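Take a look at the structure set out below.
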Amino acid sequence: MANELPQVATIAGVDSDGSAGAQADLHSFFMRGTYGTLILTAAVAGNSYGIHDSQVMPLSFIDSQFKALGEDLKIRAAKTGMLADAAVIKNVAANLQKYDFGPLVLDPVISTKHGNMLLETEAFETLKTVLIPMADVITPNFYEAEHLTGMKLTDKDAIIKAAEAIHNMGAKNVMLKGRHDSATQTEVSDYVLLDSGKRFWLTGPYYDTERKNGTGDTLSAVITAELGKGTDLEDAIRLAKHFVDTAIAHEIPVGHKFGPINHWANPLVQPKTDPQA
């Protein structure tokens, strides 16, 4: 029967060295036993040394991709990644209202894990006002949470208040990723605020390595894959945290400097079909 296999989508850019963006998402979808699809928003010419060029996709082409998937496949969950500018963000939001792609996981690609801004002011404000209220789950990193809330996250109380502020922006569930850019730290603690009212910390080891490209993409992609299979959200978040920690812990020798994480370090989940589809 058509579309029995759980299908999920990433709405993101591609990175030519394969370490982040849609490639990391698709690796994650595959490893978690879902069929991954892509709506391409941008293309980046990058390698382990850095980003050297980029190209944003035409809005008409993004529309065509949504239409192509919406008319044929059964997308059970979707996530966003790099959305480039305000026009793309508005376009994606309009298409997500037009097509039912299931729960939305928003990876707000606003700044790098070191705090450098990736979105211009108009795009940043558009993401806050247009896309965040549509998110079933949002997964900002430490610095993205600071940018979104205007708060300095100096301690756990501040992190809790920031997660509450982001929840009040409209995102149903928040996973605020802990800071992980200090060689002196031994752990990374993420804070989770669920729409049910449940709140908890997830703590894992800190790995002092330059091979961490694609961590945020992978975390949100694993959550997306699990939601697409019908996994409970809390279980999906816990599994995603473990998946990323395992992928960071087992380095692979790709590139000279800032390399990718190792999706192969996690066991491959065989896909299952749903006879109720």
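These figures come from a predicted structure and were not determined experimentally. FYI, side chains are in, hydrogens and waters are out, and symmetry mates aren't considered; it's all heavy atoms of this structure.
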Under 3.5 Å donor-acceptor, Ser48 side chain and Lys257 backbone
yes
I need the minimum non-hydrogen distance between Ala22 and Thr10, along with the two atoms involved.
CB-CG2, 4.3 Å
Is the side chain of Asn262 donor-acceptor paired with the backbone N or O of His250 at a distance under 3.5 Å, no angle test?
yes
Between Ser28 and Val222, is there a donor-acceptor pair closer than 3.5 Å when you use the side chain of the first and the backbone of the second?
no
Is there a donor-acceptor pair closer than 3.5 Å between any side-chain N or O of Ser54 and the backbone N or O of Ala43?
no
Distance-minimising heavy-atom pair for Phe142 and Gly178:
CB-C, 4.1 Å
Within a strict 4.5 Å, meaning less than it, do heavy atoms of the Val88 and Asp85 side chains meet?
yes
Decide whether Ile75 and Phe30 are clustered together by the hydrophobic rule: side chain heavy atoms of Ile, Leu, Val, Met, Phe, Trp, Tyr closer than 4.5 Å, transitively.
no
Cluster question for you: counting only ILVMFWY and a side-chain heavy-atom cut-off of under 4.5 Å, with indirect links fine, are Met134 and Met175 together?
no
Which heavy atom of Asp195 sits nearest to which heavy atom of Asn173, and what is that distance?
N-OD1, 2.7 Å
Students often mix this up, so state it plainly: with edges at 30° and 60°, are the rings of Tyr49 and His256 parallel, tilted or perpendicular?
parallel
Check for a donor-acceptor pair, side chain of Arg199 on one end and backbone N or O of Tyr191 on the other, with a separation under 3.5 Å.
no
Neighbour count >12 (heavy atoms, 6.0 Å) for atom CH2, Trp201
yes
Between the side chain of Glu146 and the main-chain N/O of Leu153, is any donor-acceptor distance below 3.5 Å?
yes
Lys229 and Glu226 ion-paired at < 4.0 Å:
yes
Heavy-atom pair of closest approach, residues Lys79 and Thr224
CB-OG1, 3.2 Å
Donor-acceptor contact below 3.5 Å, side chain Asn95 vs main chain Asn91:
yes
Quick one: CG on Asp190 to CZ on Phe200, what's the gap to the nearest 0.5 Å?
10.0 Å
Looking only at heavy atoms, what is the nearest atom pair of Ala240 and Ile223, with distance?
CB-CG1, 3.6 Å
So Ile252 and Arg211, do their side chains get closer than 4.5 Å, heavy atoms only?
no
Verify the cluster assignment for Tyr35 and Ile39: are they in a single hydrophobic cluster under the rule of side-chain heavy atoms below 4.5 Å apart?
yes
What's the spacing between Thr246 OG1 and Asn266 CG if we round to 0.5 Å?
5.0 Å
Using only atom types and a distance under 3.5 Å, with no angle test, would you say the side chain of Gln185 pairs donor to acceptor with the backbone of Arg179?
yes
Quick one: closest heavy-atom pair of Gln7 and Lys74, and the distance?
OE1-N, 3.1 Å
Does CD in Glu234 sit with more than 12 non-hydrogen atoms of other residues, nucleotides or ligands closer than 6.0 Å?
yes
Are Phe101 and Leu73 connected in a single hydrophobic cluster, I mean Ile/Leu/Val/Met/Phe/Trp/Tyr linked by side-chain heavy atoms less than 4.5 Å apart?
yes
Do Leu38 and Leu104 sit in one hydrophobic cluster, given that two such residues count as connected whenever their side-chain heavy atoms are within less than 4.5 Å of each other, even indirectly?
yes
Rounded to the nearest 0.5 Å, how far apart are OG1 of Thr139 and CD of Glu144?
7.5 Å
Does the side chain of His263 pick up a donor-acceptor pair with the side chain of Thr218 at under 3.5 Å?
yes
More than 12 foreign heavy atoms under 6.0 Å from CD of Glu164: is that the case here?
yes
Donor-acceptor pair, distance only, cut-off 3.5 Å: does the side chain of Asn3 make one with the backbone of Asp72?
yes
Check: Gly46 main-chain N/O paired with Ser16 side-chain donor or acceptor under 3.5 Å
yes
